[in-house]
Amino acid sequence: NGQRIDVEVLSQETLTDLDFALFSAGSSISKEYCPIAAERGIVCIDNTSYFRMEEGIPLVVPEVNKDALVNHNNIIANPNCSTAQMMVVLKPILDAVGIKRVVVSTYQSVSGAGLSAIKELEDQSQSISAESNVFSKTIAGNVIPQCDKFLDNGFTKEEMKLDWETKKILDEKIHVTSTCVRVPVINGHSESVFIKVRNEASRSRIIKLLESKEGIKVIDDPSKEAFPTALDNANKTSDVYVGRIRSSKINNEDWISCWIVADNVFGKGAALNAVQILELMKKTDEN
């Protein structure tokens with residue numbers, strides 16, 4: 001915005017005279033510096049995975065579980081980008097009809113893997129023979145069913161994060177099974193979500209419910225082929241977009257399915273959620 005910003009190298013000496021600190025430089029940096037800052041009374045909002053599952057450290061999506069901020073001990077964890085956008089949609093459904101289980105397939109843009117991943121997609125789009133250094137397979141013209149490293153149980157760490165973080169943020173009784181896929185899209189994560197609910201809910205009721213919630217935009221009109229996409233709706237926008245909402249019975253059980261899209265970098269997936277936590281903490285301090 002035409003202003004000059006001074007940038008300093010992070011050190012213990014720079015962590016003074018601060019009220020808040022936003023960490024997004026990798027788990028190793030957060031592991032080293034967040035405890036130091038916290039001991040000095042600085043409220044740390046960490047965007048890495050390091051503290052997310054630590055007992056006693058709140059994992060927060062402000063629209064979902066802001067009450068968890070009460071006992072933060074100066075460290076607050078920001079959830080995984082694919083988790084955050086899903087939580088915004090699942091919370092009102094949980095409150096209205098209950099949730100037993102979630103089955104999700106994510107279609108995650110390359111920006112989630114960093115600037116080098118964007119360049120790799122751009123290079124391979126020009127030449128399919130370009131090297132694959134970021135991803136295990138060629139990403140241009142392809143989909144790769146791997147986000148993060150594989151664990152011993154056959155799932156990737158990204159897939160397990162959806163389960164672990166949903167339990168911590170929403171309800172420990174909710175089980176999430178997922179397949180996380182990297183797609184040749186620059187920015188914007190998409191998710192196909194199937195929700196096993198405790199009580200029957202019609203498509204029209206779910207649409208009306210989601211439309212009433214701040215931060216959610218419903219685009220859903222099959223007659224006009226209207227639904228959200230990463231290209232159209234996930235470009236530096238703060239809202240979570242939902243479409244393809246359906247209600248069905250499977251083996252006499254009630255299911256809701258939907259398609260969720262959000263900006264994973266500038267929007268709800270990462271930066272925005274951290275800033276919302278900061279604004280919420282600042283407001284609390286002022287009061």
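Side-chain atoms are counted along with the backbone in the values below, which use heavy atoms only and exclude waters and symmetry mates.
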Item to check | Same apolar cluster: Ile277 and Ile57, side chain cutoff 4.5 Å | outcome: no

Checklist entry - Is there a path of hydrophobic side-chain contacts, each under 4.5 Å between heavy atoms of I, L, V, M, F, W or Y residues, that connects Met87 with Val218? => result yes

Heavy-atom distance under 4.5 Å between the side chains of [X] and [Y], does that happen here?
X      : Y      : value
Asp171 : Ile99  : no
Lys91  : Lys213 : no
Lys249 : Asp254 : yes

Would the number of heavy atoms belonging to other residues, nucleotides or ligands and lying under 6.0 Å from [atom1] of [X] be above 12?
X      : atom1 : answer
Asn71  : CG    : no
Lys149 : NZ    : no
Asp17  : CG    : no
Lys157 : NZ    : no
Lys217 : NZ    : no
Phe20  : CZ    : yes

Answer yes if the side chains of [X] and [Y] hold a donor-acceptor pair under 3.5 Å, and no otherwise.
X      : Y      : result
Asp263 : Asn187 : yes
Gln124 : Ser132 : yes
Asp239 : Thr237 : no
Glu13  : Ser11  : yes

Item to check | Backbone of Asn47 reached by a side-chain donor or acceptor of Asn78 within 3.5 Å | outcome: no

Checklist entry - Between Arg203 (side chain) and Ile245 (backbone), is there a donor-acceptor pair under 3.5 Å? => result yes

Checklist outcome for this item: So salt bridge (charged side-chain N to carboxylate O under 4.0 Å, His left out) across residues 59-80, not counting sequence neighbours, yields Glu63-Lys268

Shortest non-hydrogen contact from [X] toward [Y]:
X      : Y      : answer
Pro58  : Ala68  : CB-O, 3.3 Å
Ala201 : Ser247 : O-OG, 2.6 Å
Trp255 : Val197 : N-CG2, 4.4 Å
Gln85  : Ala262 : OE1-CB, 3.6 Å
Ser109 : His189 : N-ND1, 3.0 Å
Ser49  : Ser27  : OG-OG, 3.4 Å

Item to check | side chain to side chain contact (heavy atoms under 4.5 Å, CB included) between Val60 and Asn65, intermediate numbers included | outcome: CA-CA 6 Å; Val60 177; Asn65 64 332; 3.9 Å; yes

Checklist entry - Can we say Asp220 and Arg244 salt-bridge, meaning some charged N sits less than 4.0 Å from an Asp/Glu carboxylate O? => result no

Checklist outcome for this item: The side chain to side chain donor-acceptor pair (under 3.5 Å) partners of Ser248 (sequence neighbours excluded) come to none

Checklist entry - In chain order, what residues pass the side chain to side chain donor-acceptor pair (under 3.5 Å) check against Ser190, with sequence neighbours excluded? => result none

Next on the checklist: Using the rule given for side-chain hydrogen bond (donor to acceptor under 3.5 Å, both in side chains), can you reason through Asn264 versus Gln108, listing the C-alpha separation, both sets of side-chain angles and the distance that settles it, and then say yes or no?
Outcome noted: CA-CA 9 Å; Asn264 57 292; Gln108 298 183 216; over 6 Å; no

Next on the checklist: Under the rule for side-chain contact (heavy atoms from CB on, under 4.5 Å), what residues qualify as partners of Ile5, not counting sequence neighbours?
Outcome noted: none

Checklist entry - Of all residues at least two apart in sequence or in a different chain, which pass the side-chain contact (heavy atoms from CB on, under 4.5 Å) check with Ala117? => result Val110, Ala113, Val134, Phe135

Item to check | Fellow cluster residues of Phe155, listed by chain then number, with links counted only when side-chain atoms sit under 4.5 Å apart | outcome: Met53, Leu151, Met160, Trp164

